[in-house]
Amino acid sequence: MCDSCGCNVTPGNKHLAYKPIQNGGSAVSILKKLLAHNDDQAVHNRAHFNMHGILVINLMSSPGSGKTALLEASIDALKHEFRLAVIEGDLETENDAARIRTHGVPAYQITTGSACHLDAHMVHEALHHLNLSEIDILFIENVGNLVCPASFDLGQHRNVTLLSVTEGDDKPAKYPVMFRAADAVVLSKIDLLSVLDDFDPAQAEHHLRQLASTAPLLSLSARKGQGMTVWLDWLRHELAAQRAHAQDGATARPHLQPNDTDVNIQTGFSS
Amino acid sequence: MPGIFMTKCCLSNRLRLMHELSVCQALVTQVIDIAQQNSAREVLTITLHIGPLSGVEPALLVNAFPLAAAGSVAASAQLVIEPQPLRVHCQTCGADTEATANRLLCGVCGDYHTQLISGDELLLANLELMS
Ligand SMILES: Nc1nc2c(ncn2[C@@H]2O[C@H](COP(=O)(O)OP(=O)(O)O)[C@@H](O)[C@H]2O)c(=O)[nH]1
Ligand SMILES: [Mg+2]
Ligand SMILES: [Zn+2]
Ligand SMILES: [Zn+2]
């Protein structure tokens, strides 16, 4: 494998990689992930986190599903138990980081202008604005978008996708890539269920299982404090599990993320 | 990146192009590296393997490619996309069957405890270079 791009063409085997085509051209076989550059950075980020025994949670959802509200409620419940911090990537409302800081935890706002997702490089840059040795759980609030964020590993240990009851219960069927990536799905704003007769939580779970997802479905209302215990216990459990992994020199990673060591898929040359 | 795309993505198709543009930029960066290592003057063809669960829309990728490749050694390359089949392995009955993006159940016993065998690929498969 060559160092600069990770492809499997080296000066030594270069002649093997070529097959003559018309007009003196040549074909080279690669089979490498398109987002390998991002994935490599994500592996590096995860190593940073593991070194400090931090659990990193990536929160994803449509705009307005309640990511920031869930963070605020979680911070209020956990800030005396764990050292928390937030990387804000949601550009929908510029004051999300300010909202978080009023709850007494450090928050860094990624300002990328108008990106439709966070990537591992943005998160790495943000890390240098946080004191990692003083964090137990780091939350990353991703850009409100059910499409792009699922494709970019940031180095997180767990993906959490929110689905609010004001959205359709068929969202998992419409956005399979996003919901399949979730290690836990939060059904948010359940205090509104009584006034919304067209959202059926059982139907939402049905669509989720159709994606072969075994992720827990955690129903809660951050505003009314309903269902928060199960979510907070999930976080406690994940932190303990990640710390146990890190002590063994291993790591938790989102269930869909391949092992960091085989980020680059290699095959032989075709001829 | 042209100004017109510097806007919020991605729910409408036009705006969603921005996402495929960022994927194309990653692609072009890789292609330029490989072309350089092989002292290629020009990239003739780029072949990608893309599965239905890759998170990118092949048609949008094709639209975004010229923007990302403009001015590079890959500017006039043809982008060929080989779609990959969606297949799952059932942990309950052991069968390997075809599936669809929002119905990844075992085709034999219907169980949802399945693993993807193929269908989430987002790979640069090969290049045809002119030296
Ligand atoms: N009724 C209700 N509203 C909520 C809840 N959580 C958030 N919201 C409201 O939904 C809107 C968007 O919430 P926000 O946390 O900013 O969503 P984000 O864009 O995902 O960060 C705000 O007006 C919140 O007050 C909840 O549990 N119940
Ligand atoms: Mg927010
Ligand atoms: Zn995007
Ligand atoms: Zn089966």
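Fair warning: this is a prediction, and the values are worked out from it, not measured in the lab. Reckoned from all heavy atoms, side chains included, excluding hydrogens, waters and symmetry mates. Each chain gets a letter, A, B and so on, in the order its sequence line appears, and its residues count up from 1.
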Less than 4.5 Å apart, side chain to side chain, heavy atoms only: is that true for [X] and [Y]?
X      : Y      : value
B:N126 : A:V28  : no
A:L31  : B:L124 : no
A:F152 : B:H19  : yes
A:T214 : B:Y112 : yes
B:L104 : A:Q210 : no
A:H37  : B:T29  : no

To the nearest 0.5 Å, what is the distance between [atom1] on [X] and [atom2] on [Y]?
X      : Y     : atom1 : atom2 : result
A:C148 : B:E20 : SG    : CD    : 7.0 Å
B:I34  : A:K32 : CD1   : NZ    : 7.0 Å
B:L123 : A:K33 : CG    : NZ    : 7.5 Å
B:L122 : A:L34 : CG    : CG    : 4.0 Å

Discussion item. Holding to side chain to side chain contact (heavy atoms under 4.5 Å, CB included), I want the full list of residues that pass it with A:H124, two or more places apart in sequence or in another chain.
Written reply: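 Expected list: A:Q41, A:H44, A:N45, A:H48, A:L127, A:H128.
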
Practice prompt. For B:Q115, check side-chain hydrogen bond (donor to acceptor under 3.5 Å, both in side chains) against everything at least two apart and list the hits.
Written response: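 Testing B:Q115 for side-chain hydrogen bond (donor to acceptor under 3.5 Å, both in side chains), a comparison that skips the adjacent residues, returns none.
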
Worksheet item: Residues in side-chain hydrogen bond (donor to acceptor under 3.5 Å, both in side chains) with B:H89, at least two apart?
Response: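 Testing B:H89 for side-chain hydrogen bond (donor to acceptor under 3.5 Å, both in side chains), a comparison that skips the adjacent residues, returns B:D96.
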
Worksheet item: When you look at CZ of B:R103, are more than 12 heavy atoms from neighbouring residues, nucleotides or ligands closer to it than 6.0 Å?
Response: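 Atom CZ in B:R103 is not packed in, count stays at 12 or less.
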
Item to complete: Give the minimum heavy-atom separation between A:L35 and B:Q30, together with the two atoms involved.
Response: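 Taking every non-hydrogen atom into account, N-NE2, 4.4 Å.
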
Worksheet entry | For B:A101 against A:P176, the heavy-atom pair lying closest together |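 Of all heavy-atom pairs spanning B:A101 and A:P176, the closest is O-CB, 3.3 Å.
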
Worksheet item: Which bit of A:A150 is near chain B, if near means a heavy-atom gap under 4.5 Å: side chain, backbone, both or neither?
Response: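 For A:A150, neither part sits under 4.5 Å from chain B.
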
Item to complete: Please state whether the side chain, the backbone, both or neither of A:S62 comes within less than 4.5 Å of a heavy atom of chain B.
Response: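 It is neither, since no heavy atom gets under 4.5 Å.
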
Worksheet entry | Proximal to chain B - members of residues 155-168 of chain A, heavy-atom separation under 4.5 Å |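 The list, in residue order, is empty: none.
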
Heavy-atom distances under 4.5 Å only: say whether [X] touches chain A with side chain, backbone, both or neither.
X      : answer
B:L116 : side chain
B:S54  : backbone
B:D120 : side chain

Item to complete: Decide side chain to side chain contact (heavy atoms under 4.5 Å, CB included) for B:S22 and A:H117; before the verdict, give the C-alpha distance in whole Å, the side-chain angles of both, and the deciding distance to 0.1 Å.
Response: CA-CA 10 Å; B:S22 67; A:H117 57 262; 3.1 Å; yes

